[in-house]
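Taking it in order: structure first as structure tokens, then the write-up.
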6 protein chains.
Amino acid sequence: MFAHNKRLQYSVRVSECNPGLANLMLEQFGGPQGELAAAMRYFTQALAEDDAGRKDMLLDIATEELSHLEIIGTIVAMLNKGAKGKLAEAVEEEAELFRSLQGAGNDSHVTQVLYGGGPALTNSGGQLWTAGYIDSIGEPTADLRSNIAAEARAKIVYERLINVTADPGVKEALGFLMTREMSHQKSFEKALYSIEPNFPPGKLPGMPEFASVYVNTSQGEGDMRGSWNSDDNFDYLSDRERFLAMDGGSGLPEVTLAAEEQKALNRMAKRTTSDPKADPRTGVDLGSAKKTKRK
Amino acid sequence: MFAHNKRLQYSVRVSECNPGLANLMLEQFGGPQGELAAAMRYFTQALAEDDAGRKDMLLDIATEELSHLEIIGTIVAMLNKGAKGKLAEAVEEEAELFRSLQGAGNDSHVTQVLYGGGPALTNSGGQLWTAGYIDSIGEPTADLRSNIAAEARAKIVYERLINVTADPGVKEALGFLMTREMSHQKSFEKALYSIEPNFPPGKLPGMPEFASVYVNTSQGEGDMRGSWNSDDNFDYLSDRERFLAMDGGSGLPEVTLAAEEQKALNRMAKRTTSDPKADPRTGVDLGSAKKTKRK
Amino acid sequence: MFAHNKRLQYSVRVSECNPGLANLMLEQFGGPQGELAAAMRYFTQALAEDDAGRKDMLLDIATEELSHLEIIGTIVAMLNKGAKGKLAEAVEEEAELFRSLQGAGNDSHVTQVLYGGGPALTNSGGQLWTAGYIDSIGEPTADLRSNIAAEARAKIVYERLINVTADPGVKEALGFLMTREMSHQKSFEKALYSIEPNFPPGKLPGMPEFASVYVNTSQGEGDMRGSWNSDDNFDYLSDRERFLAMDGGSGLPEVTLAAEEQKALNRMAKRTTSDPKADPRTGVDLGSAKKTKRK
Amino acid sequence: MFAHNKRLQYSVRVSECNPGLANLMLEQFGGPQGELAAAMRYFTQALAEDDAGRKDMLLDIATEELSHLEIIGTIVAMLNKGAKGKLAEAVEEEAELFRSLQGAGNDSHVTQVLYGGGPALTNSGGQLWTAGYIDSIGEPTADLRSNIAAEARAKIVYERLINVTADPGVKEALGFLMTREMSHQKSFEKALYSIEPNFPPGKLPGMPEFASVYVNTSQGEGDMRGSWNSDDNFDYLSDRERFLAMDGGSGLPEVTLAAEEQKALNRMAKRTTSDPKADPRTGVDLGSAKKTKRK
Amino acid sequence: MFAHNKRLQYSVRVSECNPGLANLMLEQFGGPQGELAAAMRYFTQALAEDDAGRKDMLLDIATEELSHLEIIGTIVAMLNKGAKGKLAEAVEEEAELFRSLQGAGNDSHVTQVLYGGGPALTNSGGQLWTAGYIDSIGEPTADLRSNIAAEARAKIVYERLINVTADPGVKEALGFLMTREMSHQKSFEKALYSIEPNFPPGKLPGMPEFASVYVNTSQGEGDMRGSWNSDDNFDYLSDRERFLAMDGGSGLPEVTLAAEEQKALNRMAKRTTSDPKADPRTGVDLGSAKKTKRK
Amino acid sequence: MFAHNKRLQYSVRVSECNPGLANLMLEQFGGPQGELAAAMRYFTQALAEDDAGRKDMLLDIATEELSHLEIIGTIVAMLNKGAKGKLAEAVEEEAELFRSLQGAGNDSHVTQVLYGGGPALTNSGGQLWTAGYIDSIGEPTADLRSNIAAEARAKIVYERLINVTADPGVKEALGFLMTREMSHQKSFEKALYSIEPNFPPGKLPGMPEFASVYVNTSQGEGDMRGSWNSDDNFDYLSDRERFLAMDGGSGLPEVTLAAEEQKALNRMAKRTTSDPKADPRTGVDLGSAKKTKRK
């Protein structure tokens, strides 16, 4: 059960109306690395988690991300407030209003203000939030790795937003939010390490002959070696014939069908098989089309 | 530049037409943890990567994932082949054909066969593939973590598919694909560890007073402690007042607007402010609607 | 700022593992009339709302919807729990497991279980949640009407789910959730009526000559009259010429272009204008294609 | 059955090529409150409606919305016409053309013109139209409320577009379209009132003990009282313990599983349970990864 | 301007309630080859078309597709009618109702009925209609080819639906709709041929040295020759070196940057370059994480 | 099985950092007519194709499109490189950096750079790539027509991009890519013509009485005649009564229901039928809402 307190988790001060900056902030409201994605990622995992420790952690962090969603959304609304007022009141001549909303000159701002200037669940480019951003699959070592990665990405996006924000109050709040992602990343790392073993995820072992093969599929002057493909750790394989030898097969698909199915396929094939010798001038032209002409 | 060889990276044998199983296999063709998502994740990272070692690795693995996409797509097409033939040829009475396509009884199979029985870029539930599945952001320590997590998730989905597949040839090919994800995961882990330091990702340090705080936002009987929120590693904080004290603010949004903007807002507010004492019977009924009635 | 208590807002009891029913419940977790859509609808409105009364109400209800999201998501996870265990443990022969997961026979269940059996942000048909479901636009009389409608729709979907649910614990929890939507609908109605006037929404008056015209565009035997198009309330108009007379125009688009733009259009038109007298046999065939053939 | 007349329902005059304004107009062509959404909303309802009066009304209004879609789409095409000609003809030096298409400086215009300058089914931010905008559910009192709300939102978006449009011909056509939304809203309100009773929607009554409870979940200094949560109309409840007392439960999920399912879960849990005392240094590092190293 | 007549363009008779079949029919209501996609494809082209002949044809066919949308949507509503009634009235015991709605056994039917049983703008697998299905680009020879292809695809989907439909009235209506697609395809072909020349589309000629080269990128035993890659029509090229020789370049990207940009990149690279010799045990573990630990 | 060579299929030279141009180039990376869509279109067809000749051709062209995806993605990364460096390094004062990233002034560039500056799978307007762009249906004469159309559209988009690009190296590479689309279009046309007959697609003949009827549904001054609706090729039909006469029906839907279903519908109708004479003042107001008020 959730409760809400009307104070923000971190105080936000905005110096002036700035719809262009508001638009960028949407990246962390309704964008893929944003706070709704974070909250929903952990919340959906928490609901299906049986381990009491991880469930508690996931609920703690999911709830805090909702508070962060409130912070970033509040920033958006504050930066847009004056623009919305001017638009709703039509306080200026139309062409002037059009230009003033564009600020430094773009129309995502205008779209955003047309929607009412509140925080929209889109990224800074106007793309609607989609649950495709959520990658929870209900296996803890996989999900924790997803969470670690998600926090790392969110940290970077906040860093980039800070680098283009001149408003000191917004900058400070972004710094707070960025720092919290770092702390969450650490919690998820600790939780992953507390599961033993954590590799490979799941239960089925792999086929040993393919579990440490590195395939050099991209060849040319830039071929490099490092710990990720060293002989120490991997069988480095540049020859694709090796794979086929390993599986003992032809590399061609083989399928067994019932007789009736095979016959249907044969009939179908006969109708459509491409004929290299066919006269190309007799193609999809009126001649053939006319055959179905109504008498 | 890519080249293609007509043999598969791993031989595939299918015992009989099975559109129900074909449908499930789509999960790794056009699903979020599937091979197209994997290939595109690494490929987009590779194109923007400047480090020669990582670029080579990303291209190697992206290319191999395309070969895996070919394997899983070939399985789908083979499992559907007979069904497609029967549908195109209408070899049975309609109601019979309808039932036979449903197999064990579902209609995603039918939808899939209606589309022609080839591998569609959807997951097993029919959801169209979306680039929202790709989370590359162009910072190597974040992207490598995303890749590690993605391989872990793919391993699990293959494991689950193996657990419900009875066809031995399909099962074996799935085992191969699952194993390769494990190997890729290891490569990405090695590549991450070869970057020093790799935490925090990016360049900006956090605000030290918030970097190791764990907030116990979900309270109640299930509260648990572990390495992820231990006093050893974190300041464990259950009292939200502490945050507000830390930022020295009121927790309320403060925004500065130009005079003109403020006036527009005031006028707007006056028109819409909710009035608790308003007679509720005078609401959105015909009385008010009639005011705009044409004379 | 949000806080969470580990107890649910309403107790949930589930009688047995039932992935088919779990799948249906997703309709109110990640579907268009579901609890995430409700919570986000009110939350985004609250962040941009200046009126203190409405802001408070929106936050109260948004927070409660999050608690409902937790209830419905918990139901999904509970109904899937056994299925997930069987899948992860492969406790049965594969074909048997495949069938048992399908239950009454469908594969959305299997897809859902493949995802880990936790509550996914999809509707019951597997469609990913999208922010396109949220229709907040930042004008209170419009948004309150949207909220009233949303609660009415949610009430109906709960009613339908109750009608197909035989598990008494699930049925009871659904009844609770359905009832709360009714209560929220009433709050939003009261809040709308407390704004005076609330019609038309916004500030601009309409063009009086079109504000109460009802156009009978669909003609035929089924034409009906009622309060929605009565002469009492509307000008009932069956003759489309009347519109053109009212606007005094030709009904044709008129556009003024700069000379240079007009010239570019003329040149473009010359190249592509369809020629009814052209010999149809000289179309997109090899003759024309050959013109670009490399020498 | 539909028919079309080549004259528009309202005459449109455009003063000059203006791709920036064209882009904004897309909001009501392919945006969530736009005319396609309106037409499809009423059309899908009409097809499933059994009541002859409502069916007739829905078809009348759906058909008129298609005529409005034609008006707004025509405006887009007219505003882009010159830009398209210049692009197709490359009448200027490239860099000059690039800048001129951007007009006041943004690239959504360019994207739009790249698509050919015709009306695209996107909103003004480039988001593809999605059927997620349509919320018909086939229950008349709910659907009519949805329609009332949709018309109110559309009225507001037209108002905002009018406020930023300086071209008098476009402004006038927008005024016409805005006015029609007002008229449609009135028809839908009358139709809703003609159904008795219309609350609650559907047939199932709620649980009386929860039907008029207002839960004060967001607490703090901003708590407000009004008709929407007055003691007159509601039980105002600030104490979450009250809820749990009402349902007589523990607030914890209870699920009954078959023995076999429970055993599978137990085995699964054993493998993954987080161990707070585990040495965190033994985590996802090379040591564990090496265990699967090929011999 | 559109008008509507209450009679359908083709009479529809449905033998009995069949929600499973209704669900399949959605493929041509809200699916990618369905009637809304067709209508919107031609309608958006018509609005931007300057040639009077093509504009007239596009409007004629777009309008007819709307009438087809009405037919297929009416079929869906009719096939679902009884199911909706049973669901809304709860005329059976819940478990029985659940099973009866599933019919032959699937849950897309149930989802569809949950939505109210009216025609939803989804395909038969529940995927929401998206404007991504519309590929109009505002160049007539390209758009006409797109239209020809779209009609061919629609014809095939109707053929497949006919093959699984046993209800004679539905079968007949599908036959009518299928036939009309054939007629439309012919009109679009004639319209394409009436433009001279129609290849290549657009205005810019290609680079002659690459305009008729066929690249044999997929090599192996299945290599085939036919008119599509014959020496008669193409330069058949199996050697990728030839391309690089043709462009006279190295095949490597070359980019020129300002000094300041280059310096920023150098600094960035230094921080992240992967170091093959780095001790892999010093990776993303607590050691590095601790560095940001709060003092 | 795929292999990769580190050299590009065509050399790319970029003169200077230009994030605005990079953004436009995304149109052919992650846009509907872009190279990923092309590669996936042909690849999915190839996997399900039984005819050896077409399968080979589809694999050849699909593989080449992947090489084109690499070229266009490399251009995007190169044009963004300097911008990414400046953002990551924060080499300028924030407001200055904000402006410099905007270049000619828009924020899609900034969004793109925020994502890391690598090629994103979006179009130039920021819309995520969706598999809805892929229209393969597994019938060769339909799919080949789709491929011909797709190549024609891609050719046009490249032409438009060339017209707004001033950078000579980018312009040249775009010219190469455009030319290859022309060559592919020719191959697909030849392959279509080699199938005899290729019209109508599929196997079922149409209903002869409707196969060559042209319906003049859009009437008015602009009616035009040409080969696409000439008496030579079609029955030109302006009178909708003719259709109804042809099918011998009433044009009204007729549905047969079981008795129980009909009764449920009757009861449902009784509750909701609109009553034109109902007092409109008794509508959705507090009076009715109060009826459910808790005692």
Side-chain angles (χ1 to χ4, degrees), chain D residues 1-9 30 36 40 43-45 47-50 55-56 59-60 62-64 66-67 69-70 73-74 76-77 80-81 84 88-90 114-122 128-132 134 136-139 143 202-204 280-281 283-287, chain E residues 1-9 30 36 40 43-45 47-50 55-56 59-60 62-64 66-67 69-70 73-74 76-77 80-81 84 88-90 114-122 128-132 134 136-139 143 202-204 280-281 283-287:
Chain D
M1 196 187 321
F2 288 91
H4 181 265
N5 181 287
K6 290 200 177 58
R7 289 165 77 186
L8 296 169
Q9 199 193 17
L36 178 62
M40 285 304 115
F43 185 61
T44 52
Q45 289 173 25
L47 295 184
E49 179 62 75
D50 289 315
K55 190 184 192 90
D56 181 37
L59 285 169
D60 281 337
T63 305
E64 188 179 352
L66 287 172
S67 298
L69 184 69
E70 186 181 20
T74 300
V76 171
N80 272 335
K81 208 184 264 290
K84 182 187 169 185
E89 291 295 304
L114 277 180
Y115 273 107
L121 285 167
T122 67
L128 291 169
W129 195 89
T130 160
I134 307 295
S136 307
I137 61 162
E139 201 282 337
D143 283 345
K203 191 179 176 190
L204 284 183
R281 290 201 60 89
V284 58
D285 68 7
L286 301 177
Chain E
M1 196 188 321
F2 289 91
H4 180 265
N5 182 287
K6 290 202 177 57
R7 289 165 77 188
L8 295 170
Q9 200 195 14
L36 178 62
M40 285 304 116
F43 185 61
T44 52
Q45 289 173 25
L47 296 183
E49 179 62 76
D50 289 316
K55 190 184 192 90
D56 180 37
L59 285 169
D60 281 335
T63 305
E64 189 179 351
L66 287 171
S67 298
L69 184 69
E70 187 181 20
T74 299
V76 171
N80 272 335
K81 207 184 266 290
K84 182 187 170 185
E89 290 296 305
L114 277 180
Y115 272 108
L121 285 167
T122 66
L128 290 169
W129 195 90
T130 160
I134 307 295
S136 307
I137 61 162
E139 200 281 337
D143 283 345
K203 191 179 178 189
L204 283 184
R281 289 201 60 89
V284 58
D285 69 6
L286 301 177

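Below, read A as the first sequence line, B as the second, and so on, with proteins coming before strands; counting in each chain starts at 1. Only heavy atoms go into these numbers, but all of them, side chains included; no hydrogens, no water, no symmetry mates.
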Which of [options] touches chain E most, by non-hydrogen pairs under 4.5 Å:
options                           : result
A3(D), A120(D), A48(D)            : A3(D)
A131(D), G116(D), A77(D), G138(D) : A131(D)
I134(D), L59(D), V76(D)           : L59(D)
A90(D), G118(D), G132(D), G30(D)  : G132(D)

Please classify the contact of [X] with chain D as side chain, backbone, both or neither, using a heavy-atom distance under 4.5 Å.
X       : answer
D56(E)  : both
K55(E)  : neither
E89(E)  : both
L204(E) : neither
T122(E) : neither

From M40(D) atom CE to Q45(D) atom CD, the distance as rounded to the nearest 0.5 Å | 12.0 Å
CE on M1(D) to CD on E64(E), rounded to 0.5 Å | 10.0 Å
What residues, two or more places apart in sequence or in another chain, satisfy ring-ring contact (aromatic ring centres under 6.0 Å, His included) together with F2(D)?
-> F43(D), H4(E)
L128(D) and T130(E): which non-hydrogen atoms are nearest, and at how many Å?
->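 Smallest heavy-atom distance, with atoms named: CD1-OG1, 4.0 Å.
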Looking only at heavy atoms, which two atoms of L66(E) and L66(D) are closest? And how far apart?
-> CD1-CD1, 3.8 Å
Ranking L69(E), L36(E), T74(E) by heavy-atom pairs under 4.5 Å to chain D gives rank one to L69(E)
Residues in salt bridge (charged side-chain N to carboxylate O under 4.0 Å, His left out) with E70(D), at least two apart?
->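 Residues passing salt bridge (charged side-chain N to carboxylate O under 4.0 Å, His left out) with E70(D): none at all.
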